[in-house]
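Chain A is the first sequence line, chain B the second, and so forth, proteins listed ahead of strands; every chain is numbered from 1.
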Protein chains: 2
Amino acid sequence: MKRDLKVVGHSVARVDGIDKVTGMAKFVGDLVVPGMLCGQILRSPYPHARIVSIDAAEAEALDGVAGVLTAADVADLDPYYNGRPLIAMEKAHYAGEPVAAVAAADEQTALEALSLIKVGYEDLPSSVGLEEALRKGAPLVHDDQKDNICGHEHVGKGDVEQGFAESDEIFEDHFTFPMVYHYSMEPHSVIANYNEEGITIWSSAQHPFQVQEDLSRIFKLPVPKVRLVIPYLGGGFGSKSYTKFEPLVVALARKIRRPVRICLSVSEAMNTVRRHGTKVRLKTGVKRDGTLVAREAEIYLDTGAYADNGPQVAVRAATRILGPYRISHIRSDAYAVYTNCGGAGSFRSIGGPQTIFCCESQMDSIAARLGMDPAELRLKNLLRKGEELRPKIKAMDANLASAFKRLVRASHWKRRSRKKNAPVGLACGATNAGGQPISVSLVRLRADGSVFVMAGSTEMGQGVRTVLSQIVAEELCLPIETIHVTGADTTITPYDRSTGSSRSTTLMGLAVQAAVGDLKKQLVRIGAEAFGVKTRQVQFVDGAMVCGESRLSYGEALERRFGVTAGELIGRGYVGPEVAPTLPVLWEVGMGAAELDVDRETGQISIRSYISVADVGKAINPSQCVGQEEGAAMMGIGHTLFEQMVYEGGQLVNSNLVDYRVPTFADLPREFHSELVENGDGPGPYGSRGMGEGGIFSVAPAVTNALARATGVRIHDLPLTPERVWRALKGK
Amino acid sequence: MKRDLKVVGHSVARVDGIDKVTGMAKFVGDLVVPGMLCGQILRSPYPHARIVSIDAAEAEALDGVAGVLTAADVADLDPYYNGRPLIAMEKAHYAGEPVAAVAAADEQTALEALSLIKVGYEDLPSSVGLEEALRKGAPLVHDDQKDNICGHEHVGKGDVEQGFAESDEIFEDHFTFPMVYHYSMEPHSVIANYNEEGITIWSSAQHPFQVQEDLSRIFKLPVPKVRLVIPYLGGGFGSKSYTKFEPLVVALARKIRRPVRICLSVSEAMNTVRRHGTKVRLKTGVKRDGTLVAREAEIYLDTGAYADNGPQVAVRAATRILGPYRISHIRSDAYAVYTNCGGAGSFRSIGGPQTIFCCESQMDSIAARLGMDPAELRLKNLLRKGEELRPKIKAMDANLASAFKRLVRASHWKRRSRKKNAPVGLACGATNAGGQPISVSLVRLRADGSVFVMAGSTEMGQGVRTVLSQIVAEELCLPIETIHVTGADTTITPYDRSTGSSRSTTLMGLAVQAAVGDLKKQLVRIGAEAFGVKTRQVQFVDGAMVCGESRLSYGEALERRFGVTAGELIGRGYVGPEVAPTLPVLWEVGMGAAELDVDRETGQISIRSYISVADVGKAINPSQCVGQEEGAAMMGIGHTLFEQMVYEGGQLVNSNLVDYRVPTFADLPREFHSELVENGDGPGPYGSRGMGEGGIFSVAPAVTNALARATGVRIHDLPLTPERVWRALKGK
C-alpha cells in the first residue's frame with residue numbers, strides 16, 4: 001500500500017536550525033562546569049624518542065597551576081586503548097604525542113606551565129612515512145613487533161594467475177593518496193570530572209558508548225560509574241570516532257580532583273587523527289570487449305604510530321579497491337602500516353577515496369586503450385542487484401545501473417564527451433557501509449501530546465535529529481514541532497553502537513520506527529476499546545486515532561489509560577543483527593561527473609561543473625541529503641586539488657589553515673548539482689539507505705579522468721596541485 | 001508458590017547512604033549553576049492590605065542588583081496556580097506574602113536591595129484564624145467570595161437522626177488542633193533559569209510532573225519547554241507537594257535572564273506551608289454494649305489565604321474522622337476555611353492527625369462511660385476486611401483486628417492497664433492513602449550487567465531508591481550494587497504522579513516490578529532459544545538464566561541478541577487505575593500505645609514508652625520501615641506535646657527553632673518500639689502496603705487517653721504544653 005507521506009520525503013527545516021544560527025546550540029567549548037580549569041598538553045618534539053626524565057616541579061609551583069600529569073600518574077591504570085597509551089609511557093612515537101598535561105586557572109598560565117616542564121629525551125631512529133617504514137631494515141615503530149605492519153587484510157576469489165592468463169589486456173598502475181585532515185569546524189574538545197561518584201565527561205565523541213567502555217576499562221570503574229554527555233558536535237566526519245584523548249583529560253581531572261577542559265587547537269587535532277595516506281599497486285586483466293577478468297591489488301596505508309582503527313581501514317580498503325564491478329578473479333591485500341607520524345583513523349568512507357581513486361582511474365585507462373566509452377565500460381561491468389562482489393559479503397542491494405544512467409543523463413555525458421579532448425570525466429563506487437547493527441531507542445508520548453525520542457545518535461551537523469523527528473512525526477501524524485529528540489547521555493539514552501558509517505538514518509531510524517510502532521500498538525488497543533471496534537479498524541489521522549466519525553486524541557487516549565490527562569506511553573525499538581545477517585548493512589552508492597577548466601600555463605585546475613549522484617533509497621529529507629552530498633563532494637574536491645599533510649624532518653609542518661589548503665566558496669564548481677536516486681530498496685525506514693559518504697569518493701577519479709581526457713596526461717598522485725599538473729603537462 | 005526472598009524483606013543498607021553521610025549527595029542548595037545569582041523575597045508586613053504603590057528604582061540602582069520583580073512584571077502571564085498568585089497582585093492576603101523579589105550578586109546585596117524597595121500599603125480588615133474567619137460578618141479574605149469557605153466535603157450514610165434516636169448514649173465533644181509545621185531539614189529551595197530554550201529549574205519538589213504542568217500553563221510554554229530536575233530532598237513530609245514558590249523564582253529568572261536561586265529561610269518556609277489548624281465538633285451515638293451507631297462531625301480547617309490543596313484536606317478529613325470503625329449512620333462535614341494566614345497544605349497524613357485525635361479521644365471517653373476496656377471497645381467496632389467504611393470507597397483491605405491485637409500484646413496492655421490510674425493509652429487509625437495510581441517506569445539492562453531504573457519518585461529520605469533497587473535486585477537475582485535508580489528529571493524520567501500519600505513503594509514499586517517483569521520476558525525468550533527449551537523452563541539464578549546445567553549470563557544474553565556484548569534490553573512498567581478501580585489504592589494502618597510520666601507539679605508530660613504498630617503488608621526493607629515509623633511517631637510527639645504556630649496581631653510570631661519547639665533526642669520515649677505487621681495483603685509488590693504516615697496519628701490520642709486514664713483529666717486541645725496540662729489538672 002502506497003502511503004501518502006506528509007513529513008518524510010519533505011525538506012523540512014532542521015529541528016536544531018534556530019538553535020544553531022542563533023548561537024543557542026551548545027558545544028563542548030560553550031559549556032561551563034563549575035570549578036572547571038583549563039588544560040593544555042605538552043607534546044613530544046621528536047618523532048621517536050625515549051623519555052629519560054620529566055621534571056614538572058617548577059611548573060607545578062607556578063601560581064594558578066593545579067597539577068601536572070605525567071606517565072607516572074597513570075601507573076595504577078590500564079592506560080592503553082585502541083593500541084595507544086593515554087600519555088607517552090616510556091617513549092614518544094610521533095612528534096606531537098602527549099608527554100605531559102597541565103591544569104591551570106587559565107590558558108595563559110597553563111601554557112606558561114608547559115614551558116617550565118623539563119623533559120629529557122633520547123632521540124631514536126624513526127620511520128616517518130610509508131616509504132621509510134616499509135623499507136627493509138627500517139626502524140621499528142614498536143620494537144616488540146617484527147616489522148611495521150599493523151594490520152593486514154586479504155581478499156581472494158577465483159584464481160588470479162589464471163584470470164590474468166585469460167585476459168586480453170593487462171593494466172598495472174601505481175597510485176598515491178595524501179594524508180588529509182577532516183577539518184571539522186570544532187576540533188576535539190573534552191571536559192572531564194572525576195570524583196567519588198565516578199567519571200563524568202562532556203565530549204565531542206561520535207561513539208559515546210564505546211568511549212564509556214574504554215574509560216571503564218582504563219580507569220577500572222564499573223561502566224555505570226562512567227557517564228558521557230554529548231552536546232552538539234561541530235562536525236565529525238569520523239575524526240571523533242572511537243576514543244580519542246578523553247582518557248588523558250580524565251586522568252588529569254583524576255589527578256587534580258577538579259573538572260578540567262581541554263580543547264585541542266587545529267594543529268593538535270591534526271596530530272590526533274587524519275585520513276591514511278596510501279600507496280597502491282593495482283593490476284587488472286580485461287577481455288577485449290571490456291569484461292573485467294582479474295584484479296590484483298596491493299595497498300599500503302599510513303596508520304601512524306598507533307593502531308586506532310587502522311586495521312579496520314585496511315579491511316575496508318581491500319574490498320573497496322574492487323569497485324562496484326563483477327570480477328571473477330581477485331587477490332587484494334591491504335596493509336595498515338605503523339609510521340612515526342600522528343595517528344590515522346576513520347574519515348568519511350574509510351579506505352574509500354584512496355582506493356576508488358585507483359580503481360576508477362584505471363577504468364578510464366582501460367576504456368581508452370580498448371577504445372570504449374568509459375561509461376559503457378562501467379555499465380558493462382557494474383554488479384547487478386543480488387550479485388556478490390566477493391565471498392562472505394552481502395550481495396549488492398542497489399540498482400547500480402539505474403543510478404549510473406542517471407549520472408550519464410544528468411551530466412549530458414554523451415553530448416559533452418563526444419567532443420575530442422573534452423575536459424569531462426566520471427566515476428562511480430559502491431561501498432559496504434552501515435557499521436554494526438546495534439541501536440536501541442525509546443519514544444515517549446506525554447499526555448500533552450508531546451513526544452520525546454531517546455536516541456543515542458550524535459548530532460554533528462548531519463541532521464540526524466531532524467530525520468528521526470520526521471520519522472516519528474510521520475508515524476504519529478503529528479507536527480514535527482511536537483517531537484523532541486534528546487542528545488546522547490550514556491546514563492540516560494539507550495545504547496547505540498556508534499554514529500558514523502552512514503548508519504544513523506538507517507539503523508537508528510529503524511530503531512525509532514520500531515519504537516513508534518510499539519507505541520502505536522499500545523495506542524491502537526486503547527482506541528479500539530474506546531471505539532468498540534477491532535484494532536485494525538483504527539486509523540491514525542492528524543494526531544489522533546480515528547474510526548468512522550469517532551476520534552480520540554492522544555491526550556484523550558492517555559486519559560482513558562490513566563484516568564486523568566497524565567501519565568505516558570512508551571514505545572521501545574531494537575535493532576540487532578537480524579536487519580543484516582550478513583554485513584554490510586547497506587551498500588552506499590556514490591557517483592560523480594566533472595567538467596574542468598585547466599589552465600595549461602599554470603597547471604591550475606578548477607571545476608566548471610560537478611554532478612553528484614547518490615542512491616539514497618528514499619530521501620527522508622531531500623535538502624539534507626543534497627547538503628550531505630555537496631559537503632562530501634567539496635571534501636572530495638579538497639583532497640583532489642589541494643589538501644595534503646606534509647611531514648618534513650619528522651614534523652608535520654603545515655598544520656594550520658594558511659599552509660593546509662581546504663576548499664573555500666571560491667572553489668565551488670560553477671555548476672554543482674546533486675541527483676538523488678530513490679528506488680525505495682534500502683534497508684532503512686521507507687526504503688532509505690545510508691548516504692553522506694558516497695559523495696566523496698568519485699570526485700578525484702572524475703577529475704583525473706577529465707584531465708586525462710582533455711590533455712592525455714594521466715596523473716596517479718593526489719592532490720592535483722598546479723605544480724604537479726604543470727610538470728605533468730610539461731613532461732608529456 | 002512461596003519464594004525465598006534474598007534482597008526484599010532484608011534490611012539492606014540505603015543505596016544513597018554513603019552519598020548522604022559523606023556529603024556527596026547534592027541538594028538544591030549545593031548545586032552551582034554557572035552565572036547563578038542570589039534571590040531574596042520582600043514580603044508583606046500586613047495580613048491584609050491593598051498594595052498602593054511599589055517603587056523599586058533605588059533597589060534596582062544598587063550595585064550588584066540584576067533586577068527586581070513586582071506584580072507588574074507578570075502582567076503577560078497567567079500568574080495563578082492552586083488558587084494563589086505567584087506574587088501578590090493588587091492585595092496581600094497574609095503577612096509574609098511575597099510582594100517583590102530581588103536578584104543580586106550575593107545575599108547581602110539582595111537583602112540590602114529589599115530594604116530599598118518602597119511599598120505603599122493600605123491596611124485592610126483581616127480574618128486571622130478560624131474563630132475570626134468564621135465569625136458572622138467576618139472580613140472576607142477574598143472579596144469575590146460570599147464567605148470564607150474555601151472547600152466543603154460532605155460524607156453521608158444512613159440516617160443520622162434515626163441513629164442518634166436508636167443510641168443508648170450520645171457523646172459530643174469539641175476539639176482543637178494547632179497549626180504545625182513540617183520542619184524538614186531543608187527548607188524549600190529553587191534554582192530557575194529561563195531562556196530561549198524554555199525553563200529549567202532545579203527544585204526541592206515532591207511532585208515534579210505537576211509543577212511542570214503548572215509552569216507550562218503559567219508561563220504559556222509547551223510542556224516540553226519546562227524541565228524540572230530534582231536532586232535529593234532534605235525531607236518533604238508533604239511540605240514540598242504541588243507547586244510552591246517555583247513560579248516566583250522562574251518569573252524572577254525570566255526578568256533578569258540569568259539563573260537565580262532562592263533558598264527560603266525556615267521562617268519563610270513556615271509562611272509557605274503548614275498543617276491545617278482545626279476545630280472539630282464530634283457527636284457519636286452508641287449502644288450500651290459499645291456498638292457505634294451514629295456519628296456527626298463538623299470540621300473546620302484553617303487553610304490560610306489561598307486554597308493550595310486545602311479542599312483536598314477537607315475531603316480526607318471528612319472521612320478520616322470516622323476512624324476505622326463500623327458506623328451505620330454518618331453525617332460528616334469538613335470545611336476548608338480561608339484566613340489571612342500563610343497557607344496550609346499537605347502534611348504527612350492530610351487531615352489525619354487532626355481528626356483521629358478527636359475520634360480516638362472520644363472512643364476512650366465512650367469506653368470510660370460504658371465501663372468497657374478501650375481495647376475491647378475498639379476491637380468490637382473495627383472494620384473487618386472487606387467491610388465498607390462508607391459508600392463509594394474501597395472496602396477495608398487490611399486485617400485491622402490482627403494489627404490491633406499485636407498492639408495490645410506488644411504494649412502489654414492488659415497487664416499495664418489493669419492498674420488503676422495507669423498512665424497508659426492507646427489509639428488506632430486507618431486512612432485512605434496512595435494518591436492517584438499513575439506511575440510509569442523503565443528498567444534498562446546493559447551488557448556489562450548493570451541495571452538503570454528510571455523512576456520519577458523523589459528521594460527525600462524515605463528510602464525509595466533503596467526499595468526500588470531491592471525490588472529490581474530481587475527480581476533479576478543481582479547484587480543490589482548493580483542497580484542504579486535515577487532521580488526525577490521531567491525530560492528524561494517517565495511520568496510519575498507524585499511522591500507522597502505512601503504511594504512510592506506500592507505504586508512506583510509495582511511499575512518497577514512490571515518493568516522488570518517485561519524485561520525478564522525478553523530475557524527468557526533469549527534464554528529459551530539458547531537452551532533449546534520452553535520459556536517456562538528457564539529460571540533466574542544469581543544474575544543469569546539457568547536450565548539444568550546450562551547457564552546464560554545477562555551479558556551473554558545480550559551478546560546473543562546483538563551479536564556482540566553490547567546493546568541493552570529495556571523493560572517498561574505502567575501503573576494505572578486498574579490497580580485500584582475504586583480508591584483508595586490502599587488503607588494505611590497505624591496504631592500506637594503510650595505510657596506517660598506526668599509531673600503533676602509542673603504539668604510536664606514525658607513519654608516513658610511508645611509502641612507503634614504498622615500494618616505494612618510486607619516490609620521490603622524492615623529497618624527503613626522502622627525508621628519511617630519512628631520518624632512519624634516523633635513528629636506525632638511534636639504536635640502532641642510541643643508544636644504550635646502562634647499568630648499574634650496577624651503575625652506569625654514563633655517561626656524559628658527557639659520559639660517553635662520541635663522534639664529533640666531528649667524527648668525520645670525511653671522505650672520506643674515499632675512492630676511491623678506483615679499479612680502480605682497489600683496492593684504493592686510482594687503484598688506490601690504504603691506506610692510512613694500511619695505512625696503519626698495515634699500518638700496524640702494515645703497520650704491524651706493515657707493522661708485521662710492517669711488523672712481523670714481529658715484535654716481536647718493540643719499541644720499538651722505544661723501550662724495547659726497544669727491548668728487542666730488544677731481545674732479538675
Side-chain angles (χ1 to χ4, degrees), chain A residues 18-19 22 24 31-36 195-197 209-210 213 216 222-225 436-440 442 444 446-452 454 481-484 486 489-497 518 522 558 561-572 574-578, chain B residues 18-19 22 24 31-36 195-197 209-210 213 216 222-225 436-440 442 444 446-452 454 481-484 486 489-497 518 522 558 561-572 574-578:
Chain A
I18 289 173
D19 278 18
T22 58
M24 249 161 59
L31 302 180
V32 179
V33 173
M36 181 174 72
N195 59 23
E196 303 81 354
E197 293 172 47
F209 289 90
Q210 296 189 49
E213 282 155 26
S216 158
V223 171
K225 290 276 188 192
Q436 273 184 301
I438 311 173
S439 293
V440 182
L442 290 169
R444 300 166 44 210
R446 286 279 300 268
D448 65 293
S450 61
V451 178
F452 288 88
M454 302 178 79
E481 297 75 32
T482 61
I483 316 296
H484 307 269
T486 61
D489 178 330
T490 57
T491 297
I492 289 158
T493 326
Y495 188 95
D496 181 41
R497 187 64 173 173
D518 182 36
Q522 301 171 57
L558 265 77
R561 173 67 187 85
F562 292 105
V564 292
T565 309
E568 67 180 78
L569 292 177
I570 303 176
R572 76 177 158 235
Y574 298 117
V575 160
E578 67 280 359
Chain B
I18 290 173
D19 278 18
T22 58
M24 248 161 60
L31 302 180
V32 179
V33 173
M36 181 174 72
N195 59 22
E196 304 80 353
E197 293 170 48
F209 289 90
Q210 295 189 49
E213 283 156 25
S216 158
V223 172
K225 289 276 187 193
Q436 274 184 302
I438 311 172
S439 292
V440 182
L442 290 169
R444 300 166 44 211
R446 285 279 299 268
D448 66 293
S450 61
V451 178
F452 287 89
M454 301 179 80
E481 297 74 33
T482 61
I483 316 296
H484 306 270
T486 62
D489 178 331
T490 57
T491 298
I492 288 158
T493 326
Y495 188 94
D496 181 41
R497 187 63 173 174
D518 182 35
Q522 301 170 56
L558 266 75
R561 173 67 188 85
F562 292 107
V564 291
T565 309
E568 68 179 77
L569 292 177
I570 303 175
R572 76 178 157 234
Y574 298 117
V575 160
E578 66 281 0

- Take the angle between the ring planes of Tyr495(B) and Phe209(B) and call it parallel below 30°, perpendicular above 60°, tilted in between. tilted
- Task: Could you have a look at Ala566(A), Pro224(A), Gly449(A), Gly35(A) and say which one has the most heavy-atom pairs with chain B under 4.5 angstrom?
- Result: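 If we count pairs closer than 4.5 Å to chain B, Pro224(A) comes out on top.
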Looking at chain A, which one of [options] has the largest number of heavy-atom pairs inside 4.5 Å, strictly under?
{"options": "Thr22(B), Val564(B), Thr486(B)", "answer": "Val564(B)"}
{"options": "Ile492(B), Val440(B), Leu569(B)", "answer": "Ile492(B)"}
{"options": "Arg446(B), Glu213(B), His484(B)", "answer": "Arg446(B)"}
{"options": "Gly567(B), Gly563(B), Ser216(B)", "answer": "Gly567(B)"}
{"options": "Pro494(B), Ser450(B), Pro437(B)", "answer": "Pro494(B)"}
{"options": "Asp496(B), Thr493(B), Leu31(B)", "answer": "Thr493(B)"}

With only heavy atoms counted, which part of [X] is less than 4.5 Å from chain A, the side chain, the backbone, both or neither?
{"X": "Val32(B)", "value": "both"}
{"X": "Phe452(B)", "value": "side chain"}
{"X": "Leu442(B)", "value": "side chain"}
{"X": "Gln436(B)", "value": "side chain"}
{"X": "Met24(B)", "value": "both"}
{"X": "Gln210(B)", "value": "neither"}

- Item | Under 3.5 Å: donor-acceptor pair, side chain of Arg444(A), backbone of Thr491(B) |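 It does hold such a pair.
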- Would you confirm whether Asp518(B), through its side chain, and Arg572(B), through its main-chain N or O, come within 3.5 Å as a donor-acceptor pair?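 Present.
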- Residue Glu197(A) versus chain B: region with a heavy atom under 4.5 Å: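 For Glu197(A), the contact with chain B is made by backbone and side chain together.
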- Check each atom of Val575(A) against the heavy atoms of chain B and say whether the ones under 4.5 Å are side chain, backbone, both or neither. backbone
- Message: Closer than 4.0 angstrom, basic N to acidic O: yes or no for Glu196(B) and Lys225(B)?
- Response: no
- Query: Does a salt bridge link Arg561(B) with Glu568(B), judged by any charged N lying under 4.0 Å from a carboxylate O?
  - Reply: no
- Work out which heavy atom in Tyr574(A) is nearest to a heavy atom in Ile570(B); give both atom names and the distance. OH-N, 2.7 Å
